[in-house]
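Inspection log for the structure reproduced underneath, given as structure tokens.
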Amino acid sequence: MLQSVMFFACAESAPFFGFMGVTSALVFANLGAAYGTAKSGVGISSMGVMNPQLVMRNIIPVVMAGVLGIYGLIVAVILIQNVKGPKYSSYNGYAHLASGLSCGLSGLAAGMAIGIVGDAGVRANGQQPKLFVGMILILIFAEALGLYGLIVALILSQQSQDCTLP
């Protein structure tokens, strides 16, 4: 009886959850990257009207937001390589879904934080250049949220259990 608990069924729906993990990682991380880029870009454009010489210096939030999309791409590529074969179990599907969601939703949250901080930060930096270091520190902590999701996603993506064919 105890041994039967340790085996996982080969459910037909298991790959669906794996593919949803792939999709979640890429889509949510890119949503965060797009929001962060757009919101920060608006702030840079607004600040650039008054201080055009500071535009290149304040492009950092846009770059940081773009990195979030790369996190999602990395996890999606790793996951899609693992969703295969007849021994793909429900355990694998759920682990890959959790992996994709942890990366994607962390990237979405980080992108929102970077966008809001980037917008307000570059506008404030245009008026008071001494705020630059503080803005960068806040952006680093916002980016760290996406990095935490990437780390957890990579760990989850390596979880694997073969299933038993009937």
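The analysis underlying the following values was restricted to heavy atoms, covering all of them including side chains, and did not include hydrogens, waters or symmetry mates.
- Judged by distance alone, with hydrogens and angles left aside, the side-chain atoms of Ser24 form no donor-acceptor pair with the main-chain N or O of Leu101 at under 3.5 Å.
- Ser45 places a side-chain N or O within 3.5 Å of a backbone atom of Gly41 that can act as its donor or acceptor partner.
- The side-chain heavy atoms of Leu156 and Ser102, taken from C-beta on, include a pair separated by under 4.5 Å.
- Distance check: Gln159 CD to Ser99 OG gives 9.5 Å after rounding to the nearest 0.5 Å.
- Side-chain contact between Arg57 and Leu54 is present, with heavy atoms from C-beta onward closer than 4.5 Å.
- Nearest heavy atoms, Ala76 versus Ala25: N-CB, 4.3 Å.
- The line from CG of Leu26 to CD1 of Ile80 is 10.5 Å long, rounded to the nearest 0.5 Å.
- The shortest distance between side-chain heavy atoms of Ser157 and Val75 does not fall below 4.5 Å.
- Of the possible donor and acceptor atoms, one in the side chain of Ser89 sits under 3.5 Å from a partner among the backbone N and O of Asn92.
- In terms of heavy atoms, Ser46 sits closest to Arg123 at OG-NH1, 3.2 Å.
- More than 12 heavy atoms of other residues, nucleotides or ligands shown are found within 6.0 angstrom of CZ on Phe132.
- In this structure, Tyr71 and Leu154 have side chains that are not in contact, with every pair of non-hydrogen atoms separated by 4.5 Å or more.
- Atoms OH and OG, from Tyr94 and Ser13 in turn, are 5.5 Å apart once rounded to the nearest 0.5 Å.
- Taking SG from Cys103 and CG from Leu108, the interatomic distance works out to 11.0 Å, rounded to the nearest 0.5 Å.
- Looking at heavy atoms from C-beta onward, Gln158 lies in side-chain contact with Ile78 at the 4.5 angstrom threshold.
- Between atom CG of residue Leu147 and atom CZ of residue Phe141 there is a gap of 12.5 Å, rounded to the nearest 0.5 Å.
- Counting heavy atoms from C-beta outward, Phe19 and Leu97 have side chains that stay 4.5 Å or more apart.
- To the nearest 0.5 Å, atom OG of residue Ser160 and atom OH of residue Tyr91 are 8.0 Å apart.
- Ring centers of Tyr88 and His96: under 6.0 Å apart, within the cut-off.
- By the neighbour-count criterion of 12 heavy atoms within 6.0 Å, atom CD of Glu12 is sparsely surrounded, having that number or fewer from other residues, nucleotides or ligands.
- Asn125 is not listed as a side-chain neighbour of Lys130, based on a closest heavy-atom distance of 4.5 Å or more.
- Gly146 approaches Leu68 most closely through the heavy-atom pair CA-CD2, 4.1 Å.
- Considering every non-hydrogen atom in both Asp119 and Gly43, the closest pair reads OD1-CA, 3.0 Å.
- Scanning both residues, Gly118 and Ser40, for their nearest heavy atoms gives CA-OG, 3.7 Å.
- Partner Val62 forms a side chain to side chain contact (heavy atoms under 4.5 Å, CB included) with one of Ile114, Ile44, Val122 and no other, that one being Ile44.
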